[in-house]
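I have placed the structure first, in the form of structure tokens, so that the comments after it can refer back to it.
Reckoned from all heavy atoms, side chains included, excluding hydrogens, waters and symmetry mates.
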Amino acid sequence: MTNSKKFFVPDAVFVVDQFDQDQVLKVIYDKLLELGYVKGDFLSHIIEREHNFPTGLDTDTLGKDIPNIAIPHTEGEFVNTRLIVPVALKNPVIFHNMIKPDEILEVKFLFMLLGNNPDGQASLLASVMRFLANTPANELREVFNFTNSEAIYEFLEQKFVK
């Protein structure tokens, strides 16, 4: 599996070419399941959670022209490891805003959280929020527009505060 000190692994950084939220989550799930990072019932739970408790984040407050992101996750019982899974979306995909659930956002990047212990989601979410707060707008704009998984991995490994 993964080293608990690491947030990212090279084989769990994806670029997805889908137009629908559920399809995006399925494509990622299929790969994560094959790699052994999630359990078989992960997909239905992450889709249900996203529909009931949206995770879209409006990035306007972070700087001009930064693509919106989402931070999908579900309970640790459906996960086999602790990991942040970055996903670049080639096409904007509709997610609902986590703060204003009735508001839709066009999202271009995901940080999917896999936490298999009780505080897993909270500590991973705090790490993502720290990254967003501490990374200059021009660098966020750059990484959220990458379409190469190796480039995303290298950037995040360098810039993410452990």
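The shortest heavy-atom contact between E50 and G56 is OE2-N, 4.2 Å. Heavy atoms only, all atoms of each residue included: P86 and A12 are closest at CD-O, 3.4 Å. When every heavy atom of P67 is checked against every heavy atom of N145, the shortest pair comes out as CG-ND2, 3.7 Å. Looking at every heavy atom in both residues, A137 comes nearest to G63 through CB-CA, 4.2 Å. Minimum heavy-atom separation, P101 to H96: O-ND1, 2.8 Å. Residue S149 comes nearest to V15 through the heavy atom pair N-CG2, 3.8 Å, listed as atom of the first residue, atom of the second, then distance.
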| CA sep, side-chain torsions, deciding dist, call: N91, D17, side-chain contact (heavy atoms from CB on, under 4.5 Å) | CA-CA 6 Å; N91 311 294; D17 190 10; 2.7 Å; yes

| message | Run the side-chain contact (heavy atoms from CB on, under 4.5 Å) test on V143 and E139 for me, step by step, so that the C-alpha distance in whole Å, both residues' side-chain angles and the decisive distance to 0.1 Å come before the verdict. | response | CA-CA 6 Å; V143 73; E139 292 181 16; over 6 Å; no

| query | Step by step, would you call N80 with N116 a side chain to side chain donor-acceptor pair (under 3.5 Å)? | reply | CA-CA 6 Å; N80 293 323; N116 62 345; over 6 Å; no

| message | Apply side-chain contact (heavy atoms from CB on, under 4.5 Å) to residues D58 and E103 and explain how you reach the verdict. | response | CA-CA 10 Å; D58 184 341; E103 182 181 295; 4.1 Å; yes

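At least one donor-acceptor pair under 3.5 Å links the side chain of K108 to the backbone N or O of L89. Looking only at distances, no side-chain donor or acceptor of Q21 sits under 3.5 Å from a matching main-chain atom of V93. Of the possible donor and acceptor atoms, one in the side chain of K39 sits under 3.5 Å from a partner among the backbone N and O of E77. Between the Y29 side chain and the G40 main chain, a donor and an acceptor come within less than 3.5 Å of each other.
Taken to the nearest 0.5 Å, the CG atom of N97 stands 10.0 Å off from the OG1 atom of T55. Separation of atoms NZ (K90) and CZ (F19) is listed at 10.5 Å; rounding is to 0.5 Å. Distance check: K100 NZ to L105 CG gives 9.5 Å after rounding to the nearest 0.5 Å. From L132, atom CG reaches atom CG of L57 across 6.5 Å, with rounding to the nearest 0.5 Å. The CZ atom of F144 sits 14.0 Å away from the CG atom of D65 when rounded to the nearest 0.5 Å. Atom CD1 of I69 sits about 8.0 Å away from atom CZ of F109, to the nearest 0.5 Å.
At least one side-chain heavy atom of F7 sits less than 4.5 Å from a side-chain heavy atom of R82. Looking at heavy atoms from C-beta onward, I28 lies out of side-chain contact with F42 at the 4.5 angstrom threshold. For the pair F131/I84, no side-chain contact is recorded, criterion being any heavy-atom separation below 4.5 Å from C-beta on. Residues V9 and Y37 meet the side-chain proximity criterion, which asks for heavy atoms closer than 4.5 Å.
Residue E34 qualifies as open at atom CD: its count of foreign heavy atoms under 6.0 Å is 12 or below. Around CD1 of I104, the count of heavy atoms belonging to other residues, nucleotides or ligands within 6.0 Å does not exceed 12.
A side-chain donor-acceptor contact under 3.5 Å links T59 and N68.
The pair D22-K26 does not count as a salt bridge, with every side-chain nitrogen at least 4.0 angstrom from each carboxylate oxygen. Under 4.0 Å is where a charged nitrogen must lie from a carboxylate oxygen, and between E157 and K6 at least one such pair does.
Ring geometry for F155 versus F146: interplanar angle over 60°, hence perpendicular rather than tilted (30 to 60°).
If you chain together hydrophobic residues whose side chains sit under 4.5 Å apart, M129 and F160 fall into the same group. Residues I99 and L113 share a single hydrophobic cluster, defined by chaining ILVMFWY side chains whose heavy atoms lie under 4.5 Å apart.
Among V24, I71, V16, the single residue meeting the side chain to side chain contact (heavy atoms under 4.5 Å, CB included) criterion with L110 is V24. The side chain to side chain contact (heavy atoms under 4.5 Å, CB included) test with M112 is passed by exactly one of L124, I46, L83: I46.
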